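Just so it is clear, the model here is predicted, and its values are computed rather than measured. Here is the naming used below: chain letters follow the sequence lines, and residue numbers restart at 1 for every chain.
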There are 2 protein chains.
Amino acid sequence: MENNNIIDRCEETCVHNNIVEKVDNNMPEDTILYDLADFFKVFGDCTRIKVLYALFESEMCVCDIAQLLNMNQSAISHQLRVLKQNRLVKYRREGKTVFYSLADSHIKTIFNQGLEHILE
Amino acid sequence: MENNNIIDRCEETCVHNNIVEKVDNNMPEDTILYDLADFFKVFGDCTRIKVLYALFESEMCVCDIAQLLNMNQSAISHQLRVLKQNRLVKYRREGKTVFYSLADSHIKTIFNQGLEHILE
DNA sequence: TAAACATATGAATAATTGTTCATATGTTTA
DNA sequence: TAAACATATGAACAATTATTCATATGTTTA
């Protein structure tokens, strides 16, 4: 006796199978969709957004960013790691100082589209 | 006796004040940056990404989407509410059924930029 | 009007995540 | 080489969030 109670009733009656099938055939691979969501997750934090906006203007060291955002060095460093792992920033070392800068050309387009949307 | 221990040492010595000041002057308003992060947060979930991709192909009812993604009706309905609140989808009622469709023209550009980035 | 059904929603839970604190790493300079 | 310093990182904690379950809302039809 299989228990099918968890399956909503509408699955049997309401579903428009032709539509579902057509859409299903055109969906990108699951791994791509997961990667995409993970990528956008990076933009879903205000600190990271601020860091990226700052780097639009100039390359900056960790301390500079920390002061600009009025946050401590550790928090910024953790977030820079996330940005680095997602290939959104690159860095160069100059003595003790590490300068970060933007590594991606899509960020500005994405931000502008987002801005257009929220300002509409 | 003020306690300044929480302030990292580098704030006093390493910070490049000219850069910080210049960048600070060009930063968008804080409220905009928060709104932007909140907006991108919507794309940071795989279920919502899938729903939006599905709606690229066709308008769909809640049950259709639930079946397509093999999730229950409640989960989909909750996520559609988030998308609705962020003005990314719109809906029309036809009897008992509610059909959802895309409400925004920026989504495709944003997704494509994201795809280009992760496939690079 | 009552039953059937598609969708919406509140509450609870589990999982994820941003920040802080403490400390480690790596570079410079005295 | 030791001290000073900029940055990185692990662990812990607090806050956020996606899903599920139970149930409510709103529409149709018998």
Side-chain angles (χ1 to χ4, degrees), chain A residues 3 5-16 20 33-34 37-51 59-67 69-86 89-100, chain B residues 3 5-16 19-20 33-34 37-38 40-51 59-67 69-86 89-100:
Chain A
N3 182 353
N5 296 343
I6 39 165
I7 297 177
D8 288 303
R9 187 55 171 284
C10 64
E11 178 163 348
E12 291 160 19
T13 56
C14 142
V15 166
H16 307 81
V20 173
L33 298 173
Y34 271 94
D38 280 341
F39 174 66
F40 286 127
K41 223 170 268 178
V42 177
F43 299 108
D45 174 78
C46 195
T47 299
R48 289 190 294 262
I49 291 274
K50 286 180 181 177
V51 171
E59 71 169 3
M60 297 179 93
C61 77
V62 181
C63 274
D64 291 345
I65 300 172
Q67 160 127 338
L69 304 189
N70 198 29
M71 292 177 66
N72 71 31
Q73 175 270 321
S74 179
I76 299 301
S77 190
H78 277 296
Q79 297 297 11
L80 284 169
R81 181 152 59 107
V82 174
L83 295 172
K84 209 191 309 173
Q85 283 168 340
N86 283 275
V89 300
K90 56 184 193 294
Y91 63 96
R92 67 182 178 87
R93 179 149 218 149
E94 196 175 300
K96 286 175 283 189
T97 307
V98 177
F99 288 97
Y100 282 85
Chain B
N3 182 353
N5 297 342
I6 38 166
I7 297 175
D8 288 302
R9 187 53 170 286
C10 65
E11 178 162 348
E12 291 159 18
T13 56
C14 143
V15 166
H16 306 81
I19 290 179
V20 173
L33 298 174
Y34 272 94
D38 279 341
F40 286 128
K41 223 170 268 178
V42 178
F43 299 107
D45 174 79
C46 197
T47 299
R48 288 189 294 260
I49 291 275
K50 286 179 181 176
V51 170
E59 71 168 5
M60 297 179 92
C61 77
V62 180
C63 274
D64 292 344
I65 300 172
Q67 159 128 337
L69 304 189
N70 199 29
M71 293 177 66
N72 71 32
Q73 176 269 323
S74 179
I76 299 301
S77 189
H78 278 295
Q79 296 298 10
L80 283 169
R81 181 153 59 107
V82 175
L83 295 172
K84 209 190 309 173
Q85 283 167 341
N86 283 276
V89 300
K90 57 184 192 294
Y91 63 96
R92 67 182 178 86
R93 180 149 218 150
E94 197 176 301
K96 286 175 282 187
T97 308
V98 176
F99 288 97
Y100 282 85

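- A distance of 12.0 Å separates CG of B/L69 from CD1 of B/I49, quoted to the nearest 0.5 Å.
- If you measure from atom CG of A/N72 to atom P of C/dT23, you get 16 Å, rounded to the nearest angstrom.
- Distance, B/Q85 CD to D/dT17 P: 12 Å, rounded to whole Å.
- Looking only at side-chain heavy atoms (C-beta outward), A/K50 and A/I65 stay at 4.5 Å or farther from each other.
- Side-chain contact check for A/R92 versus A/E59: some heavy-atom pair is nearer than 4.5 Å.
- Place A/K41 and A/I76 on DNA chain C by their nearest nucleotides, and A/K41 ends up nearer the 5' end.
- Looking at the side chain of B/S77, the nearest of the listed nucleotides C/dT9, D/dT27, C/dT19 is C/dT9.
- Regarding B/R92, its CZ atom lies at a distance of 16 Å from the P atom of D/dT27, rounded to whole Å.
- Here the nucleotide nearest the side chain of B/C14, chosen from D/dG26, C/dC21, D/dT7, is D/dT7.
- Pair check for C/dA30 finds D/dT1; Watson-Crick or G-U wobble, both atom distances under 3.5 Å.
- Atoms CD (A/Q73) and P (D/dA8) sit 7 Å apart, rounded to a whole Å.
- At a cut-off of 3.5 angstrom, the base of C/dT19 holds no donor-acceptor pair with the side chain of A/S74.
- A/R81 places no side-chain N or O within 3.5 Å of a backbone atom of A/L83 that could act as its donor or acceptor partner.
- Backbone-only engagement by B/T97 is indicated by non-hydrogen atom pairs under 4.0 Å involving sugar-phosphate atoms exclusively.
- Taking atom CZ of A/F40 as the reference point, atom C1' of D/dA18 lies 19 Å away to the nearest angstrom.
- Note: CZ (A/R48) to P (C/dT16) measures 16 Å, nearest angstrom.
- Here the shortest heavy-atom pairing between B/Q79 and B/R48 reads OE1-NH1, 2.9 Å.
- Remark: C1' of C/dT7 and CZ of B/R81 are 12 Å apart, rounded to the nearest angstrom.
- For D/dT7, the paired nucleotide is C/dA24, the pair qualifying as Watson-Crick or G-U wobble because both relevant distances are below 3.5 Å.
- Regarding B/L69, its CG atom lies at a distance of 12 Å from the P atom of D/dT20, rounded to whole Å.
- Side-chain to base pairing of B/H78 with D/dT20: one donor and one acceptor N or O lie within less than 3.5 Å of each other.
- Mapped onto DNA chain C by nearest heavy atom, A/K96 and A/G44 fall at different nucleotides, with A/G44 at the one closer to the 5' end.
- Across all strands, B/Y100 comes closer than 4.0 Å only to sugar-phosphate atoms, never to a base (heavy-atom distances).
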